Number of protein chains: 2
Amino acid sequence: MKAANINLLKEQLPDYLPGVSLDCVILGYQNQNLSLLTMQWDQGNYFSLPGGFIRRDEDLSMAAYRVLEERTGLKVPMLTQFETFGEINRNDRSFTNHILKRFNITDPKIKDWFEQRFISVGFIALVDKEQCTPGSDMFGNTSSWIPIDQLPPLILDHQEMVTSARSFLKKQLNYFPVGSALLDEKFTMKDLQILYETILEKPLDRANFQKRMLKLDILIRHEKKMDGGAYRAPYLYSFNPIRYRELLDRGIGY
Amino acid sequence: MKAANINLLKEQLPDYLPGVSLDCVILGYQNQNLSLLTMQWDQGNYFSLPGGFIRRDEDLSMAAYRVLEERTGLKVPMLTQFETFGEINRNDRSFTNHILKRFNITDPKIKDWFEQRFISVGFIALVDKEQCTPGSDMFGNTSSWIPIDQLPPLILDHQEMVTSARSFLKKQLNYFPVGSALLDEKFTMKDLQILYETILEKPLDRANFQKRMLKLDILIRHEKKMDGGAYRAPYLYSFNPIRYRELLDRGIGY
DNA sequence: ACAAAAGTGTTATCCTTACACCCATGT
DNA sequence: ACATGGGTGTAAGGATAACACTTTTGT
């Protein structure tokens, strides 16, 4: 962490609401795999979700977009609130103490701020990993993608947040703009199916998936994709953006 | 508001987390109607949801049960978190100012506390109105049932909270212990149907509803209810508590 | 006998699931 | 020609919705 910026932080603390924070569970999809956007502390000794505080002059939901961008550089089209975490023992002093010592922070104002109990609002987004390059925040902490099944231990109750967010996503998948932002402009039916299978963590029947998706009338069929494989060439599809938006409100697919 | 208790409040303020509150949307069912548990301020000039603050030594969810009981005397079996409200303009100064003036509160500590911006976590419960007698809190504010379609204007964004809670309930109805706590020990199929219709705000087909409920295998059929009407007597039913709990996890009914 | 409301049955339609079959493609 | 994966078809089963029919009750 950079010392100069810690002083800057100290000056800014009064601009933030005390006791409330937010954390973002950002799931990145690429190549049949989900990754979690993770922040690294203290050269990789600690890992957390990207999170932060709410300014006194901004909405909670706006704060989520700002925090995510400040910490990781990511601009996402939609962040959805999924749960608020307020257990008394969710604050793990050991992490806070370690960070305060590690960076020699003795200023009582900053100490008090970080040692206070926080209630944290959880937000979730699902993005195309390829189009998002995680960066660093003003303290030099870096963010990066970690495959969801290779997560290190996360600080505080962040692991629980991830679990809750994924279960939320499965239930709400029909109301998420899953396809349009996560796939290339043109994609095959198999690409779309794998995306759904990855999120739902279960196999889907190829034939039934295809019929279901086509019946929704949100796909435009294009030319075939001749990729040189020794098999029938699959069609390429793109989303019909108008129909897509219409359907999002009512729920799409599975 | 009672002056003695305001001093007590002042002493207790340090025990609470600043900036975070919770509000309870308690829906009471009786006779085909839903009512909202509402708090009256200043002889009925203002109405609000029962809400309060979180102690530094308790979980957020525990706080909800305590707050509800302290404000209204109600003990409910289950409170469910549905949304957290944090818009910058959700705090309506006019109400706060009026209350502070009305009760001549000049103590800066109390003033500052009530004038700060709050992020509020919303909880919902559905109860049998007949088994709940709303009472008063330590400040002499009374709570009472008001039919959901005759609500007066509520303070702050409490009306929005009610709307959000009801829409949440409709979607989650299958996972709520609707029947067992809201009807008499023994009830007719029509009673159950009307309950569902009231919550979902739409008519259901009598024959199909009956078949659906019976197929769930959560009802025990008892003797007929001879109420003297000039028509075939309906059966009385009760819930099979074991099967009921089993099914709650997986979702019941509509 | 009759009205009223409860209980039960019937039918058509749709959705889901599982699987089979044929089609296109490069080797 | 053949293996491979893509596109389409079919049939069984279940769920849903609309409505008809029968039964029981008090007048």
Side-chain angles (χ1 to χ4, degrees), chain A residues 31-32 170-171 173-175 179 183-184 186-239 247 250-254, chain B residues 31-32 170-171 173-175 179 183-184 186-239 247 250-254:
Chain A
N31 294 339
Q32 318 184 22
K170 281 185 197 177
K171 282 184 200 154
L173 183 53
N174 295 357
Y175 304 95
L183 296 171
D184 294 337
K186 290 182 179 178
F187 50 88
T188 68
M189 194 59 78
K190 182 122 213 173
D191 294 334
L192 187 57
Q193 183 181 338
I194 288 174
L195 170 60
Y196 271 76
E197 288 178 329
T198 304
I199 295 169
L200 295 175
E201 293 183 292
K202 68 176 180 187
L204 302 172
D205 182 273
R206 181 177 64 88
N208 297 330
F209 182 81
Q210 166 131 272
K211 273 176 289 185
R212 188 166 197 154
M213 284 298 153
L214 290 180
K215 197 164 49 175
L216 289 174
D217 192 28
I218 54 172
L219 295 178
I220 303 169
R221 178 176 280 185
H222 301 279
E223 75 282 0
K224 294 186 177 182
K225 179 190 181 190
M226 310 297 272
D227 62 354
Y231 44 76
R232 184 172 183 172
Y235 288 108
L236 285 170
Y237 294 91
S238 68
F239 285 102
L247 267 188
R250 289 185 275 140
I252 295 181
Y254 281 81
Chain B
N31 294 337
Q32 318 184 22
K170 281 185 197 177
K171 283 182 200 156
L173 182 53
N174 294 356
Y175 304 94
L183 296 172
D184 294 338
K186 291 182 179 178
F187 50 88
T188 67
M189 193 59 78
K190 181 124 215 172
D191 294 334
L192 188 57
Q193 182 182 338
I194 289 174
L195 170 59
Y196 271 76
E197 289 178 329
T198 305
I199 295 169
L200 295 175
E201 291 183 291
K202 69 177 179 187
L204 302 173
D205 182 273
R206 182 177 62 87
N208 296 331
F209 182 82
Q210 167 131 264
K211 271 176 292 188
R212 186 167 198 153
M213 284 297 152
L214 289 180
K215 196 164 48 177
L216 290 174
D217 191 28
I218 54 171
L219 296 177
I220 303 167
R221 180 177 278 186
H222 301 278
E223 74 282 1
K224 294 185 176 183
K225 179 188 180 190
M226 310 297 273
D227 63 353
Y231 44 77
R232 184 173 183 169
Y235 288 108
L236 285 170
Y237 294 90
S238 68
F239 285 102
L247 267 188
R250 288 185 276 142
I252 295 181
Y254 280 82

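Residue numbers start from 1 in every chain, and the chains themselves are labelled A, B, ... in the order their sequence lines are given, proteins ahead of strands. Quick caveat, the model's predicted, so the values are computed rather than measured. Just so it is clear, the values below take in all heavy atoms, side chains as well, and ignore hydrogens, waters and symmetry mates.
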TODO: Look at B:Lys215 and D:dA15 and indicate whether a side-chain polar atom (N or O) is within less than 4.0 Å of OP1 or OP2.
DONE: yes
Task: Base of D:dA17 paired with side chain of B:Asn208 (donor-acceptor, under 3.5 Å) - done: yes
Open item on the list: For the CD atom on B:Gln32, are there more than 12 heavy atoms of other groups (residues, nucleotides or ligands in this structure) within a distance under 6.0 Å?
Closed with: no
TODO: Please state how far atom OH in A:Tyr235 lies from atom C1' in C:dA24, giving the value in whole angstrom units.
DONE: 10 Å
Task: Nearest-Å distance for atom pair CD/P, residues B:Gln210 and D:dA17 - done: 17 Å
TODO: Quickly work out the A:Glu223 CD to C:dA24 P distance and round it to whole Å.
DONE: 17 Å
TODO: Let me know the distance between CZ of B:Phe209 and C1' of C:dT8, rounded to the nearest Å.
DONE: 16 Å
Task: Side-chain donor or acceptor of B:Asp205 paired with backbone N/O of B:Ala207 under 3.5 Å - done: yes
- [ ] Identify the two heavy atoms, one from A:Leu204 and one from A:Gln193, that lie closest to each other, and give their separation to 0.1 Å.
- [x] O-NE2, 2.9 Å
Open item on the list: Nearest whole Å is fine: how far is C:dT8 P from B:Asp205 CG?
Closed with: 15 Å
Task: Value in whole Å for how far the P atom of D:dG6 lies from CG of A:Leu219 - done: 16 Å
Task: Nearest-neighbour nucleotide for the B:Ala207 side chain, C:dT8, C:dG7, D:dA18 considered - done: C:dT8
Open item on the list: Quick check: closest heavy atoms across B:Ser238 and B:His222, and the distance to 0.1 Å?
Closed with: OG-NE2, 2.6 Å
Open item on the list: Please find the pair of heavy atoms, one from B:Tyr235 and one from B:Arg221, that lie closest to each other, and give the distance.
Closed with: CE1-NH1, 3.2 Å
Open item on the list: Would you compute the distance between atom NZ of A:Lys170 and atom CG of A:Leu173 and round it to the nearest 0.5 angstrom?
Closed with: 10.5 Å
Task: Side-chain N,O (A:Arg206) to OP1/OP2 (D:dG7) below 4.0 Å - done: no
Open item on the list: Within the 4.5 Å heavy-atom criterion, are A:Pro234 and A:Met189 side-chain neighbours or not?
Closed with: no
Task: Watson-Crick and G-U pairing of DNA chain D, under 3.5 Å, as dot-bracket with | and [ ] - done: |||||||||||||||||||||||||||
TODO: State, yes or no, whether a side-chain contact exists between B:Phe187 and B:Ile194 at a heavy-atom distance under 4.5 Å.
DONE: no
Task: B:Tyr237 side chain near B:Leu183 side chain, heavy-atom distance below 4.5 Å - done: no
Task: Between C1' of C:dA24 and NZ of A:Lys225, the distance in whole Å - done: 16 Å
Considering only nitrogen or oxygen atoms on both sides, find all protein atoms under 3.5 Å from nucleotides 24-27 of chain D and state each distance.
from: D:dT24; atom 1: O2; to: B:Arg232; atom 2: N; distance (Å): 2.6
from: D:dT25; atom 1: O4'; to: B:Tyr231; atom 2: O; distance (Å): 3.2
from: D:dT25; atom 1: O2; to: B:Ala230; atom 2: O; distance (Å): 2.9
from: D:dT25; atom 1: O2; to: B:Tyr231; atom 2: N; distance (Å): 2.8
from: D:dG26; atom 1: O4'; to: B:Gly229; atom 2: O; distance (Å): 3.4

TODO: Find the distance A:Asp227:CG to C:dA24:C1' and express it as a whole number of Å.
DONE: 12 Å
- [ ] Pick base, sugar-phosphate or nothing for A:Lys190, based on heavy-atom distances below 4.0 Å to the nucleic acid.
- [x] sugar-phosphate
